[in-house]
A.B. asks: 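So that we are looking at the same thing, I have put the structure below in structure tokens.
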Amino acid sequence: MEKKRRAILSVSDKTGIVEFAKALEELGYEVVSTGGTARTLQENGVAVTGISEITGFPECLDGRVKTLHPMVHAGILAMRGNPDHMRQVEELGVTLIDVVAINLYPFKQTILKPDVTLEDAIENIDIGGPTMIRAAAKNWQDVAVIVDPADYGAVIEELKTGAVSRETKFRLAAKVFETTAAYDALISGYLRKQMGAGPFPEKFTVTYEKVQDMRYGENPHQAAAFYKEIGRGDNVLANARQLHGKELSYNNINDANGALDTLKEFGYELPCAVAVKHANPCGVGVGATLHEAYLKAYEADPVSIFGGIVALNREVDKETAEELSKIFLEIILAPSFSAEALAILEKKKNIRLLELPGLYKANGGDMLDMKKVAGGLLVQELDTQLFDADNLKVVTKRAPTEEEMRQLKFAMRVVKHTKSNAIVLAKDNATVGVGPGQTNRITALELAIKYGGEKVKGSVMASDAFFPFDDCVKAAQAAGITAIIQPGGSVRDEDSIKACDEAGIAMVFTGMRHFKH
């Protein structure tokens with residue numbers, strides 16, 4: 001049997017394919033191709049053997065069947081070191097295929113179109129492509145399989161020396177199964193969504209795409225990377241555009257996401273500023289202007305905000321930028337920055353400026369919250385609710401005033417995004433004190449009171465979960481707190497209600513807990 005070197009090329013992404021094919025031709029390869037790839041190569045002067053010429057069978061069913069043929073798959077799967085395989089392919093007249101370059105139908109790009117139909121999506125599920133690349137990857141010792149145009153150059157350089165190395169072929173084979181696993185997971189997720197299935201299948205597989213490798217993780221001795229979810233819009237951090245500053249770190253991204261989640265509770269109705277440190281809000285303010293809102297957030301805790309992250313729901317103007325520039329901040333996130341604001345903030349070398357036009361939009365109800373544990377994965381729906389207004393229950397003799405009720409709702413929006421056990425004190429549309437992440441609730445309150453100082457008097461309090469004892473009420477009374485909002489549900493609720501009545505404090509139960517661990 002005359003030995004030929006044969007490559008099969010069939011790609012949806014045509015990037016670099018003409019140059020790759022011409023390089024293969026120069027190295028003596030016969031180029032086999034199909035459909036649009038064949039036309040592109042022929043139009044650019046590459047001699048192409050059509051797939052039907054080697055199968056002896058016409059492409060049919062609108063191109064659904066073309067490469068699913070023994071003359072193709074025997075050429076890919078035959079093990080060159082197996083004498084019996086070599087005897088059989090010679091007897092059958094099969095030419096071995098040494099290079100397979102395929103990328104799959106653009107299923108992801110199809111389903112991201114706003115007007116996509118189920119029929120369009122189904123037609124963009126590739127069958128022949130995954131079959132060929134999986135076959136080539138299985139026979140990786142003998143076949144170089146390329147699914148990423150970025151690998152064309154390395155393959156050609158090694159072929160020029162005689163052959164693609166074993167190490168490279170193994171790396172390329174592994175990339176195949178990464179590709180098909182992600183592709184199938186995307187298809188599965190889309191189909192489950194179309195049929196209205198719940199978010200928790202028996203086999204949980206999701207597709208994320210790498211945004212960047214990170215310098216390190218939570219600590220310098222930990223490696224890390226950042227991945228993004230496919231199909232999310234302009235309100236998620238992974239789609240932010242960095243305008244200035246050095247690369248984001250692992251902790252930057254985690255903390256910035258906490259700032260965004262808190263900001264989203266306040267929407268776009270009024271200018272809002274959120275300051276976050278170590279993923280906990282340390283200052284939140286709402287004002288008539290963005291400048292006023294930021295000053296409220298800053299004054300809530302001018303110590304903790306240093307080195308923190310600020311998220312704003314309006315374009316950053318010159319006046320606000322001047323205030324922001326007065327202290328060291330790691331990141332500022334906003335829907336946009338005026339030219340004057342950029343000119344001021346870009347003078348600070350180390351600050352990161354992130355533009356995210358829809359950062360104040362609520363997270364989608366179909367988004368999931370995932371937390372890795374050793375040997376497993378916890379998956380839950382996002383906490384997208386605050387409370388049901390119809391279920392709010394005044395449990396004390398005194399009801400909150402209208403102003404107290406406004407401040408209680410404000411505080412509850414913030415405490416929801418504060419690590420448990422959490423207490424937030426608020427007054428005049430700004431946080432006064434935040435007590436996050438404590439092992440008991442009274443200590444969380446004591447911290448919030450300590451942070452608030454003299455401003456605590458006349459403030460209101462929100463708690464992420466119920467009071468197990470009346471000690472928080474008594475501490476609130478001593479500090480001058482006038483109203484409380486909490487979920488309720490403790491077996492000792494009556495103790496806290498009685499203490500509130502004796503102190504003249506209004507208390508409201510929401511019936512909805514907001515643990516955040």
A.B. asks: Any side-chain heavy atom of Ile332 sitting closer than 4.5 Å to one from Phe337?
C.D. replies: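 When only atoms from C-beta onward are counted, Phe337 and Ile332 do touch, with a gap below 4.5 Å.
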A.B. asks: Say whether Thr15 and Asp13, considering side chains only, have a donor N or O and an acceptor N or O under 3.5 Å apart.
C.D. replies: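 Yes, a side-chain donor-acceptor pair sits under 3.5 Å.
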A.B. asks: Applying ring-ring contact (aromatic ring centres under 6.0 Å, His included), can you list everything that pairs with Phe266, at least two apart in sequence or on another chain?
C.D. replies: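 Phe266 satisfies ring-ring contact (aromatic ring centres under 6.0 Å, His included) with Phe410 only.
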A.B. asks: Before you tell me yes or no, could you show the steps for Glu355 and Ser336 under side-chain hydrogen bond (donor to acceptor under 3.5 Å, both in side chains), namely the whole-Å CA-CA distance, both residues' side-chain angles and the distance that decides it to 0.1 Å?
C.D. replies: CA-CA 5 Å; Glu355 182 180 78; Ser336 58; 5.4 Å; no
A.B. asks: Mind jotting down which residue pairs meet the side chain to side chain donor-acceptor pair (under 3.5 Å) criterion with at least one end in residues 143-156? Sequence neighbours excluded, please.
C.D. replies: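 Qualifying pairs: Asp148-Lys175, Asp151-Arg171, Asp151-Lys175.
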A.B. asks: Inspect the surroundings of OH in Tyr29 and state if more than 12 heavy atoms from other residues, nucleotides or ligands are less than 6.0 Å away.
C.D. replies: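 Correct, the count exceeds 12.
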A.B. asks: Compute both the distance and the angle, then confirm whether Arg314 meets the cation-pi test with Tyr268: under 6.0 Å from the six-membered ring centre, within 45 degrees of the axis.
C.D. replies: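 Output yes; distance and angle both within limits.
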A.B. asks: Check this for me: does any side-chain nitrogen of one of Arg87 and Glu91 sit under 4.0 Å from a carboxylate oxygen of the other?
C.D. replies: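 Counted as a salt bridge, because a side-chain N and a carboxylate O are separated by less than 4.0 Å.
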A.B. asks: Around atom CD of Gln385, are there more than 12 heavy atoms from other residues, nucleotides or ligands closer than 6.0 Å?
C.D. replies: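 No, not enclosed.
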A.B. asks: Flag the pair Asp98 and Arg80 as a salt bridge only when some basic side-chain nitrogen lies within less than 4.0 angstrom of an acidic carboxylate oxygen.
C.D. replies: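 Yes, Asp98 and Arg80 are salt-bridged.
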A.B. asks: Is there a side-chain contact between Ile331 and Val310, using heavy atoms and a 4.5 Å cut-off?
C.D. replies: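 Ile331 vs Val310: side chains apart.
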A.B. asks: Is any side-chain heavy atom of Leu24 closer than 4.5 Å to one of Leu159?
C.D. replies: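 Contact flag for Leu159/Leu24 side chains = yes.
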A.B. asks: I'd like to check Leu260 versus Val274 (side-chain heavy atoms, cut-off strictly below 4.5 Å). Are they in contact?
C.D. replies: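 The answer is no; the side chains never approach within 4.5 Å.
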A.B. asks: Are Glu209 and Lys108 close enough for a salt bridge, meaning some N to O gap below 4.0 Å?
C.D. replies: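 The answer is yes: the pair qualifies as a salt bridge.
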A.B. asks: If you measure only the distance, is there a donor-acceptor pair under 3.5 Å linking the side chains of Glu158 and Ser165?
C.D. replies: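 Distance-only check passes for Glu158 and Ser165.
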A.B. asks: Answer yes or no: is there a side-chain heavy-atom contact under 4.5 Å between Leu104 and Pro130?
C.D. replies: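 The answer is yes, as the side chains (C-beta and beyond) meet within the 4.5 Å cut-off.
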A.B. asks: Do Tyr360 side-chain atoms and Glu269 backbone N/O form a donor-acceptor pair below 3.5 Å?
C.D. replies: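 No; zero donor-acceptor contacts below 3.5 Å.
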A.B. asks: Under the side-chain hydrogen bond (donor to acceptor under 3.5 Å, both in side chains) test against His417, which residue among Lys516, Glu265, His514, Lys264 passes?
C.D. replies: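 So the option named by the test is Glu265.
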A.B. asks: Do the non-hydrogen side-chain atoms of Asp369 and Val379 ever get within less than 4.5 Å of each other?
C.D. replies: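 No - every pair of side-chain heavy atoms lies 4.5 Å or more apart.
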A.B. asks: Could you check if a side-chain atom of Val99 sits within less than 4.5 angstrom of a side-chain atom of Ile8, using non-hydrogen atoms only?
C.D. replies: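 Sidechains of Ile8 and Val99: no contact.
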A.B. asks: Report the C-alpha separation of Glu322 and Lys318 in whole Å, then their side-chain angles, then the decisive distance to 0.1 Å, and conclude whether the salt bridge (Lys or Arg N to Asp or Glu O under 4.0 Å) test is met.
C.D. replies: CA-CA 6 Å; Glu322 287 172 343; Lys318 179 174 181 283; 3.0 Å; yes
A.B. asks: If you draw a 6.0 Å radius around CZ in Phe177, do more than 12 non-hydrogen atoms from other residues or ligands fall strictly inside?
C.D. replies: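 Result for CZ/Phe177: enclosed.
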A.B. asks: Take a 6.0 Å sphere around NZ of Lys372 and say whether it holds more than 12 heavy atoms from other residues, nucleotides or ligands.
C.D. replies: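 Yes, because the 6.0 Å sphere around NZ of Lys372 holds more than 12 heavy atoms from other groups.
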A.B. asks: Regarding His291 and Asp317, do their side chains bring together a donor and an acceptor under 3.5 Å, going by distance alone?
C.D. replies: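 Per modelled atom types, His291 and Asp317 side chains form no pair under 3.5 Å.
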A.B. asks: Indicate yes or no: at least one non-hydrogen side-chain atom of Glu30 is less than 4.5 angstrom from one of Arg5.
C.D. replies: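 When only atoms from C-beta onward are counted, Arg5 and Glu30 do not touch, as no gap falls below 4.5 Å.
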A.B. asks: Report the C-alpha separation of Glu19 and Lys22 in whole Å, then their side-chain angles, then the decisive distance to 0.1 Å, and conclude whether the salt bridge (Lys or Arg N to Asp or Glu O under 4.0 Å) test is met.
C.D. replies: CA-CA 5 Å; Glu19 294 77 10; Lys22 288 182 176 179; over 6 Å; no
A.B. asks: Please identify which of these residues, Leu243, Leu237, Asn252, Ile309, meets the side chain to side chain contact (heavy atoms under 4.5 Å, CB included) condition with Leu354.
C.D. replies: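 The passing option is Leu237.
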A.B. asks: Please check: side-chain N/O of Asn257 versus main-chain N/O of Ile253, any donor-acceptor pairing under 3.5 Å?
C.D. replies: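 Here the side-chain-to-backbone pair does not exist.
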A.B. asks: Taking atom NZ as the centre, does Lys14 end up with more than 12 heavy-atom neighbours from other residues, nucleotides or ligands that are less than 6.0 angstrom away?
C.D. replies: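 Yes.
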A.B. asks: Which residue is it: Asn239, Asn235, Leu263? I am looking for the one with a side chain to side chain contact (heavy atoms under 4.5 Å, CB included) to Leu359.
C.D. replies: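 Only match with Leu359 under side chain to side chain contact (heavy atoms under 4.5 Å, CB included): Leu263.
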A.B. asks: Which residues satisfy the ring-ring contact (aromatic ring centres under 6.0 Å, His included) test with Phe328, sequence neighbours excluded?
C.D. replies: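 By the ring-ring contact (aromatic ring centres under 6.0 Å, His included) rule, Phe328 matches Phe306.
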A.B. asks: Where do His73 and Met132 come nearest, in terms of heavy atoms and distance?
C.D. replies: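 Reported closest heavy-atom pair: CE1-CG, 3.7 Å.
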A.B. asks: Check for me whether the distance between the ring centres of Tyr190 and Phe107 falls short of 6.0 Å.
C.D. replies: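 For Tyr190 and Phe107, the ring centres are under 6.0 Å apart.
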A.B. asks: Name the residue from Asp234, Ile230, Val236 that meets the side chain to side chain contact (heavy atoms under 4.5 Å, CB included) definition with Arg232.
C.D. replies: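 With Arg232 as partner, Asp234, Ile230, Val236 yield a single side chain to side chain contact (heavy atoms under 4.5 Å, CB included), made by Val236.
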A.B. asks: Regarding Asp464 and Ser420, is there a side-chain donor-to-acceptor distance under 3.5 Å anywhere?
C.D. replies: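 Looking only at side-chain atoms, Ser420 and Asp464 do form a donor-acceptor pair, the distance falling under 3.5 Å.
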A.B. asks: Atom CD of residue position Glu247 - does it have more than 12 heavy atoms of other residues, nucleotides or ligands inside 6.0 Å?
C.D. replies: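 Above 12, so yes.
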